[in-house]
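Heads up, the thing below is written out as structure tokens.
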Amino acid sequence: MGLVQAELFATLDLVGQAPGGPDEDPEGFPFGGWQAPLLDEVSGAQVGAAYQGVDALLLGRRTYDVFAAYWPHQQGGEDGEIARLFNGVPKYVASRGRPDLSWAGSTQLGPDLADAVRGVRDRHEHVAVVGSLDLLQSLLRERLVDRLDLWVHPVLLGVGKKVFDRGVVPAGLELLGPPVASPRGTVHLRYAVTGGTPATGDMSAPDRGVPREG
């Protein structure tokens, strides 16, 4: 069975909506493209490295439409390596509607999302979820996310969809490597989702700092 890894780009207040551009999600969100001024070579290299080994994409409808309009035209551009990967691997789309699946290798998931994603995980070694915040909440709720790649950017927005919202269930995390900060202040964190019930403690107790299982 493969792993499902979420690629998440967030502000310091954990807004993840429309990082790529002003037209990505224009309905009532005034800060589309907030990530662009904060990109640098270090964070760009981190993002590229995060996709190594990815053999399938799992996308929500809105993210799929944005990607399908962009990535097929980037083969020889600055992001050519990621374009080759995204254009070459299977794309699985979670949608209740009828998306245009003309992007090569695209398949719509069935109505039972959890069962469909388990099938995708059985067929692939490394499935990446990119953006797709509504889909992410469903995957978190069903405990179908195995790893989190989180880039926290040095900006506060105060409005917008959060990367961790109504889908979050209690779970432990394991940091898989030291945090890495880019020159412009973006911090990359990679966690494995270990599950279970988070430990608690009592800061007023003599043995404070020693966790106990909840």
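- Counting only distance, with no hydrogens or angles, the side chain of Arg184 and the backbone of Pro37 share a donor-acceptor pair below 3.5 Å.
- When all heavy atoms of Ser182 and Ser43 are compared, the closest pair comes out as CB-N, 4.1 Å.
- Under the 3.5 Å distance criterion, the side-chain polar atoms of Asp149 are left unmatched by any main-chain donor or acceptor of Arg190.
- Put simply, CG on Leu39 and OG1 on Thr186 are 7.5 Å apart, with the number rounded to the nearest 0.5 Å.
- Residues that satisfy the side chain to side chain contact (heavy atoms under 4.5 Å, CB included) test with Leu140, not counting sequence neighbours, are Leu136, Gln137, Val145, Phe164, Val168.
- By the rule that hydrophobic residues join a cluster once side-chain heavy atoms approach within less than 4.5 Å of another member, Tyr92 and Leu139 end up as members of one cluster.
- If you chain together hydrophobic residues whose side chains sit under 4.5 Å apart, Val187 and Leu156 fall into the same group.
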Residue pair Phe9, Val47: steps toward the side-chain contact (heavy atoms from CB on, under 4.5 Å) verdict: CA-CA 10 Å; Phe9 307 102; Val47 173; 3.7 Å; yes
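- When each of Asp13, Val163, Leu189 is paired with Val152, the side chain to side chain contact (heavy atoms under 4.5 Å, CB included) condition holds for Leu189 and for no other.
- Using a 4.5 Å heavy-atom cutoff, the side chains of Pro170 and Thr197 are not in contact.
- Contact annotation: the side chain of Pro183 never approaches that of Glu41 to less than 4.5 Å [non-hydrogen atoms, C-beta and beyond].
- Val4 and Leu176 are not part of a single hydrophobic cluster, where members link through side-chain heavy atoms under 4.5 Å apart.
- At least one donor-acceptor pair under 3.5 Å links the side chain of His153 to the backbone N or O of Ala10.
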side-chain contact (heavy atoms from CB on, under 4.5 Å) between Leu57 and Val89, worked out: CA-CA 7 Å; Leu57 295 179; Val89 301; 3.9 Å; yes
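- Here the shortest heavy-atom pairing between Leu135 and Ala94 reads CD1-CB, 3.8 Å.
- Under the 4.5 Å side-chain heavy-atom criterion for ILVMFWY residues, a single connected hydrophobic cluster contains both Trp71 and Leu101.
- In the hydrophobic clustering of this structure, Leu85 does not group with Val127; members are Ile, Leu, Val, Met, Phe, Trp, Tyr whose side-chain heavy atoms approach within less than 4.5 Å, directly or through other members.
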Audit row: His126, Leu3, side-chain contact (heavy atoms from CB on, under 4.5 Å) steps and yes/no: CA-CA 5 Å; His126 190 168; Leu3 64 85; 3.6 Å; yes
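- Taking each heavy atom of Pro90 and His124 in turn, the nearest pair found is CG-CE1, 3.7 Å.
- Applying the side chain to side chain donor-acceptor pair (under 3.5 Å) test to pairs two or more places apart or on separate chains, those with a residue in residues 44-60 are Gln46-Trp151.
- For an aromatic pair to be called close, the ring centres must be under 6.0 Å apart, and Tyr64 with Trp103 satisfies this.
- A side-chain donor-acceptor contact under 3.5 Å links Trp34 to the backbone of Gln17.
- Of the inter-residue distances, the one linking Gln5 atom CD with Leu58 atom CG reads 12.5 Å to the nearest 0.5 angstrom.
- The salt bridge (charged side-chain N to carboxylate O under 4.0 Å, His left out) test with Asp134 singles out one residue from Arg141, Lys161, Lys162, Arg61, and that residue is Lys161.
- Across all non-hydrogen atoms, the minimal contact from Gly131 to Thr63 is C-OG1, 4.2 Å.
- Considering every non-hydrogen atom in both Val193 and Ala171, the closest pair reads CG1-CB, 4.2 Å.
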Name the atoms and distances for all side-chain donor-acceptor pairs under 3.5 Å in residues 108-118, with sequence neighbours left out.
unit_1, atom_1, unit_2, atom_2, d
Gln108, NE2, Ser95, O, 2.8
Gln108, NE2, Gly97, O, 2.8
Asp112, OD1, Asp115, N, 3.2

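- Ser132 places a side-chain N or O within donor-acceptor distance of the main-chain N or O of Val130, the cut-off being under 3.5 Å.
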